[in-house]
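Below: the structure, in structure tokens.
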Amino acid sequence: MATPEPIRRFVKATNEGDTEAFLGTFTANASLTDWGRSFHGREQIARWNQSDNIGVKSNLRIVRIAEADGSYHVRIAVTGDGFNGEGIWSSRWTATA
């Protein structure tokens with residue numbers, strides 16, 4: 001399966017450390033959940049990005065993408081300053097019109 005454009009831009013922005021492009025992948029009322037913590041809206045997502053993503057020099061590599069019921073389930077290998085070795089991040093992405 002080809003990587004959907006919003007997911008491709010999310011990964012590219014993270015890997016390039018481009019916070020503006022990263023935040024541009026979210027709608028104003030977007031939500032992000034990471035390890036049971038939820039972040040709502042760009043302001044909260046921006047704080048998460050600084051503490052847990054670009055701020056710790058994350059590097060993402062897509063391992064697998066599957067589509068089901070209008071959502072994308074994405075498995076991503078994560079490395080960076082905040083990680084010991086490689087972790088796997090499974091996400092659910094829902095595209096909106």
Side-chain angles (χ1 to χ4, degrees):
M1 154 179 239
T3 302
E5 185 62 20
I7 297 170
R8 186 195 66 72
R9 287 186 298 126
F10 175 96
V11 170
K12 181 177 190 265
T14 295
N15 291 346
E16 292 178 354
D18 187 340
T19 295
E20 187 175 325
F22 171 81
L23 292 174
T25 66
F26 295 92
T27 61
N29 62 346
S31 293
L32 181 145
T33 302
D34 181 43
W35 294 97
R37 300 174 300 151
S38 293
F39 305 89
H40 304 283
R42 282 196 182 131
E43 185 176 316
Q44 287 185 8
I45 291 170
R47 285 196 300 270
W48 172 87
N49 180 52
Q50 183 58 38
S51 65
D52 290 59
N53 190 40
I54 289 176
V56 293
K57 300 178 182 161
S58 290
N59 186 277
L60 310 178
R61 180 179 50 83
I62 295 173
V63 175
R64 182 181 65 218
I65 298 175
E67 186 177 3
D69 301 322
S71 296
Y72 295 98
H73 300 268
V74 184
R75 201 163 164 95
I76 298 177
V78 183
T79 57
D81 288 352
F83 306 98
N84 292 323
E86 184 175 279
I88 297 291
W89 175 36
S90 293
S91 299
R92 180 177 167 204
W93 298 69
T94 304
T96 58

OG1 of Thr25 to CZ of Arg42, rounded to nearest 0.5 Å, is 8.5 Å

Gly24 and Arg9 have their tightest heavy-atom pair at O-NH1, 3.9 Å

Tightest non-hydrogen contact, residues Val78 and Leu60, listed as CG2-CD2, 3.8 Å

d(Ile62 CD1, Tyr72 OH) to nearest 0.5 Å is 12.0 Å

All heavy atoms of Ser31 vs all of His40, minimum pair found to be OG-ND1, 2.8 Å

Next on the checklist: Does atom CD (Glu5) have a neighbourhood of more than 12 heavy atoms from anything else shown, all under 6.0 Å?
Outcome noted: yes

Minimal heavy-atom distance between Ile54 and Ala13, with the atoms involved, is CD1-O, 3.8 Å

Checklist entry - Do Arg37 and Asp52 pass the salt bridge (charged side-chain N to carboxylate O under 4.0 Å, His left out) test, and can you show the C-alpha distance, the side-chain angles, and the key distance before you say yes or no? => result CA-CA 12 Å; Arg37 300 174 300 151; Asp52 290 59; 2.7 Å; yes

Give me the ring orientation class for Phe22 and Phe10: parallel if the planes are under 30° apart, tilted from 30 to 60°, perpendicular past 60°. tilted

* Arg61/Val63 under side chain to side chain contact (heavy atoms under 4.5 Å, CB included): CA gap, chis, key distance, verdict -> CA-CA 6 Å; Arg61 180 179 50 83; Val63 175; 3.9 Å; yes

dist Asn59:CG -> Thr14:OG1 (nearest 0.5 Å) comes out at 9.0 Å

Item checked: Distance-only polar pair, side chains of Asp34 and Trp48, donor-acceptor under 3.5 Å -> yes

What one should report as the nearest heavy-atom pair of Ser51 and Val56 is O-CG1, 3.6 Å

d(Asn49 CG, Phe39 CZ) to nearest 0.5 Å is 11.0 Å

Paired with Ser58, the side chain to side chain contact (heavy atoms under 4.5 Å, CB included) test is passed by just one of Asn15, Val11, Asn53, namely Asn53

